[in-house]
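Down below is the structure, laid out as structure tokens.
Quick note on labels: first sequence line is chain A, next is B, and so on, each numbered from 1.
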Amino acid sequence: MNGLQVGQFLLMRGTKEQPATFVDVNLANAKIGQLELDGATIEGALAMRGLQVGRDLLMRGGFASIDLGGGARRSPATSISTAPLSRAR
Amino acid sequence: MSQKDKCPEDWVWEKTRSGEIADFNARLGNTLEPKSAGGWGDDRRLGTAFLRKLFYDKTYLNDMPPEGVRIVGAWFPEGLTLPSGQLSRHLRLEQCRFDKPIDLAFQELDGSLSLVRSFVAATPTGVDLTNAKIGQLELDGATVEGALTMRSLQVGQDLMMRGSFASIDLGGGAKITGHLVLDGGAVKGALNMNGLQVGQGLFMRGTKEQPATFAASTSRSRRSASSSSTAQPLTARSS
């Protein structure tokens, strides 16, 4: 998903009843209106270097690793909710 | 001659010309499961030559209503090969079984293309929509055992893909003007969306009916030297 552009929402959320599972997500250099990963299971890396989110980035869940470096940014009004990271970079 | 005595092609054309859905399941009183190889016979058999005739022979095209071709429960043992053309009507092939690939690369389709609940058994290529331009594309409930190649695809409205796929390549500057819906979808191999543009929402959520499972939704796949443009199953994790 490197360089992905989404005008409005990218919804990758899951719940216990309605799980959503991903292996190694690469959102580097993506431009997304709003990104929701709440409750999603991501097995492996979540790369977000250079990611631009226009509004909210919601990440309430457990993630093995997250890379938000390399100029990743969000708009000033953005709220980020993150969960405990088992291994942050 | 009774309806049931007509050959499948004549019957489909008769239904199409009158703006009706050619539903083989209803005609034969037996709904077949596209994933199951059993039961598919000549009474449901259609081929590329027939569809090519409907869309490219003016004798047929001039008589085709705006609804286009809508077929349910047909068997395409030779797959479907309709690349590099222009289809000016809807093409809906639902609950159908394809034993060989579907090739619609470089095809321009003003209306909708539907493969809802259809099954494509072919491998390694399942469905090729490279550089196609389609009004609306519906793959809900479809199962494609081979690669689903959609590089540089352009969809004027929505792309609905709540189905099961071996791999999806939506790279190469593919553009979806409306929504891309993969809710409850399952992708066993690589899901390449590098550089994809989605005008509205991209949905990859789990659903009540089916969890969403995307085995490798990244670009960091290992590629062999001979496959630089096709998505490969991801075997490496980020370091």
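- Between A:Asn26 atom CG and B:Leu191 atom CG the span is 11.5 Å, to the nearest 0.5 Å.
- In plain terms, the two heavy atoms of A:Met1 and B:Leu202 that are nearest each other are CE-CD2, 4.4 Å.
- Every pair tested for salt bridge (Lys or Arg N to Asp or Glu O under 4.0 Å) that includes a residue from residues 115-135 of chain B fails, sequence neighbours excluded, so the list is empty.
- By number of non-hydrogen pairs under 4.5 angstrom with chain B, the leading residue of A:Gln8, A:Glu36, A:Gln34, A:Arg13 is A:Gln8.
- To the nearest 0.5 Å, atoms CG (A:Leu10) and CZ (B:Arg205) are separated by 10.5 Å.
- Here the CD-OG1 distance, from A:Glu43 to B:Thr213, works out to 9.0 Å after rounding to the nearest 0.5 Å.
- Most heavy-atom pairs under 4.5 Å with chain B, from the set A:Ala20, A:Gly33, A:Ala30: that is A:Ala20.
- Judged by distance alone, with hydrogens and angles left aside, the side-chain atoms of B:Asn194 form a donor-acceptor pair with the main-chain N or O of A:Asn2 at under 3.5 Å.
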Steps toward side chain to side chain contact (heavy atoms under 4.5 Å, CB included) verdict (B:Met204, A:Phe22): CA-CA 10 Å; B:Met204 301 174 76; A:Phe22 305 86; 3.7 Å; yes

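- Expressed to the nearest 0.5 Å, how far CZ of B:Phe203 lies from CE of A:Met12 amounts to 13.0 Å.
- Highest contact tally toward chain A, considering only B:Gln200, B:His179, B:Lys175, is held by B:Gln200 [criterion: heavy-atom pairs under 4.5 Å].
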